Amino acid sequence: MRKAGVLQAELELLVPFFDVDSMDVVWHGHYVKYLEQARCALLERIGHGYVQMRESGYAWPIVDLQLRYLRPALFNQRIIVRADLVEWEHRLKINYLIVDAGNGERLTRGSSVQVAVEIATREMQMASPRVLVDAVERALAC
C-alpha cells in the first residue's frame, strides 16, 4: 500500500473515445494526463496552483514519474483519479491511484516528483520555497 498523503484531491472522469486504442483500452500515455488533472486539483486545493507557482518565481518540473498498470481503463468507463500529497518540504511528491468509479477496483497507481527551479536563474532549489510550504501549512490548518 502506498503512503497516504496529508492532503488529497480526487476527480471522476469518463474515459473518452479519443483516449483509447482499437481494443477500447486507454493508451498508456494518456494516464499521465489523468494524473496531471488530479495534480492540478490538489495544487488548487492547497492554494498554490501552477499560476501561483509561476507568479512566485518558481517552476516545478517533473523529475520522476512512475506508473504501475494493474488493469486497463476502457472506453466509456468512469474512473476516479486520486492525488495524495506525501512530501513538500524539499520536493513535491504526489502519489496517485486510479480506480473504477463503480466498484472501486484498482486500475493504476503511480507517483510523481517535482522540484523547485528558480525561473530567473534556472537553478534547482534544494528545499521547497517558503511560499509553497506556507500554502501547505495553511491548507493543513483548515
Side-chain angles (χ1 to χ4, degrees), residues 1-119 121-140 142:
M1 185 76 177
R2 289 201 172 257
K3 182 177 177 181
V6 296
L7 293 167
Q8 301 83 29
E10 66 178 42
L11 52 108
E12 186 171 316
L13 302 171
L14 182 66
V15 173
F17 176 74
F18 52 80
D19 279 0
V20 300
D21 62 19
S22 61
M23 304 285 286
D24 285 343
V25 171
V26 171
W27 176 67
H28 68 277
H30 287 302
Y31 289 86
V32 176
K33 175 176 56 178
Y34 304 155
L35 302 186
E36 177 69 24
Q37 289 175 274
R39 182 171 51 250
C40 286
L42 176 61
L43 293 172
E44 289 300 326
R45 178 169 180 223
I46 293 168
H48 198 69
Y50 287 116
V51 171
Q52 291 85 4
M53 287 178 173
R54 184 177 55 234
E55 289 173 351
S56 72
Y58 296 95
W60 287 82
I62 300 277
V63 296
D64 186 39
L65 178 65
Q66 297 184 15
L67 289 166
R68 172 80 37 122
Y69 303 100
L70 307 169
R71 297 190 59 79
L74 305 170
F75 169 60
N76 219 29
Q77 182 177 19
R78 291 203 170 276
I79 59 173
I80 295 174
V81 186
R82 177 177 165 153
D84 281 74
L85 178 66
V86 293
E87 295 179 31
W88 65 92
E89 292 172 322
H90 298 286
R91 62 187 188 162
L92 197 54
K93 182 172 183 186
I94 300 172
N95 286 342
Y96 305 92
L97 181 63
I98 300 176
V99 300
D100 179 276
N103 62 21
E105 182 178 33
R106 288 179 178 206
L107 304 176
T108 306
R109 67 179 189 188
S111 66
S112 65
V113 174
Q114 294 169 262
V115 294
V117 173
E118 188 175 23
I119 293 171
T121 64
R122 296 186 185 252
E123 288 187 27
M124 184 173 67
Q125 306 300 296
M126 300 312 279
S128 294
R130 191 77 229 163
V131 65
L132 173 73
V133 174
D134 289 347
V136 171
E137 289 173 358
R138 279 192 304 275
L140 287 171
C142 292

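Since this is a predicted model, take the numbers as computed values, not measurements. Basis for what follows: all heavy atoms, side chains included, without hydrogens, waters or symmetry-related copies.
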Flag the pair [X] / [Y] as yes when at least one side-chain heavy-atom distance between them is below 4.5 Å, and no otherwise.
{"X": "Met53", "Y": "Leu92", "result": "yes"}
{"X": "Ile79", "Y": "Asp100", "result": "no"}
{"X": "Arg106", "Y": "Leu97", "result": "yes"}
{"X": "Val20", "Y": "Val26", "result": "yes"}
{"X": "Gln37", "Y": "Val81", "result": "no"}
{"X": "Arg91", "Y": "Val63", "result": "no"}
{"X": "Ile98", "Y": "Leu35", "result": "yes"}

Specify the closest pair of heavy atoms between [X] and [Y], including all atoms of both residues, with the distance to one decimal.
{"X": "Ala116", "Y": "Pro129", "result": "CB-CD, 3.5 Å"}
{"X": "Ser112", "Y": "Ile62", "result": "CB-CD1, 3.9 Å"}
{"X": "Leu7", "Y": "Ala139", "result": "CD1-CB, 3.7 Å"}

In Å and rounded to the nearest 0.5 Å, what is the [atom1] to [atom2] distance from [X] to [Y]?
{"X": "His28", "Y": "Thr108", "atom1": "NE2", "atom2": "OG1", "answer": "12.0 Å"}
{"X": "Arg138", "Y": "Leu140", "atom1": "CZ", "atom2": "CG", "answer": "11.0 Å"}
{"X": "Trp60", "Y": "Ser128", "atom1": "CH2", "atom2": "OG", "answer": "3.5 Å"}
{"X": "Leu74", "Y": "Asp19", "atom1": "CG", "atom2": "CG", "answer": "12.5 Å"}
{"X": "Tyr96", "Y": "Leu67", "atom1": "OH", "atom2": "CG", "answer": "9.5 Å"}
{"X": "Leu85", "Y": "Glu87", "atom1": "CG", "atom2": "CD", "answer": "9.0 Å"}

Donor-acceptor contacts under 3.5 Å from residues 40-50 side chains, at least two apart:
| residue | atom | partner | partner atom | Å |
| --- | --- | --- | --- | --- |
| Arg45 | NH1 | Gln8 | O | 2.7 |
| Tyr50 | OH | Arg39 | NE | 3.1 |
| Tyr50 | OH | Gln114 | NE2 | 3.3 |

**Asked** Step by step, would you call Leu132 with Tyr58 a side-chain contact (heavy atoms from CB on, under 4.5 Å)?
**Response** CA-CA 10 Å; Leu132 173 73; Tyr58 296 95; over 6 Å; no
**Prompt:** Does the pair Tyr69 and Tyr31 meet the rule for a ring pair (Phe, Tyr, Trp, His ring centres under 6.0 Å), with working shown?
**Reply:** CA-CA 9 Å; Tyr69 303 100; Tyr31 289 86; 5.0 Å; yes
**Item:** Pairs flagged by salt bridge (Lys or Arg N to Asp or Glu O under 4.0 Å) wherever residues 52-72 is involved - sequence neighbours left out
**Value:**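 Every pair satisfying salt bridge (Lys or Arg N to Asp or Glu O under 4.0 Å) with a residue in residues 52-72: Arg71-Glu105.
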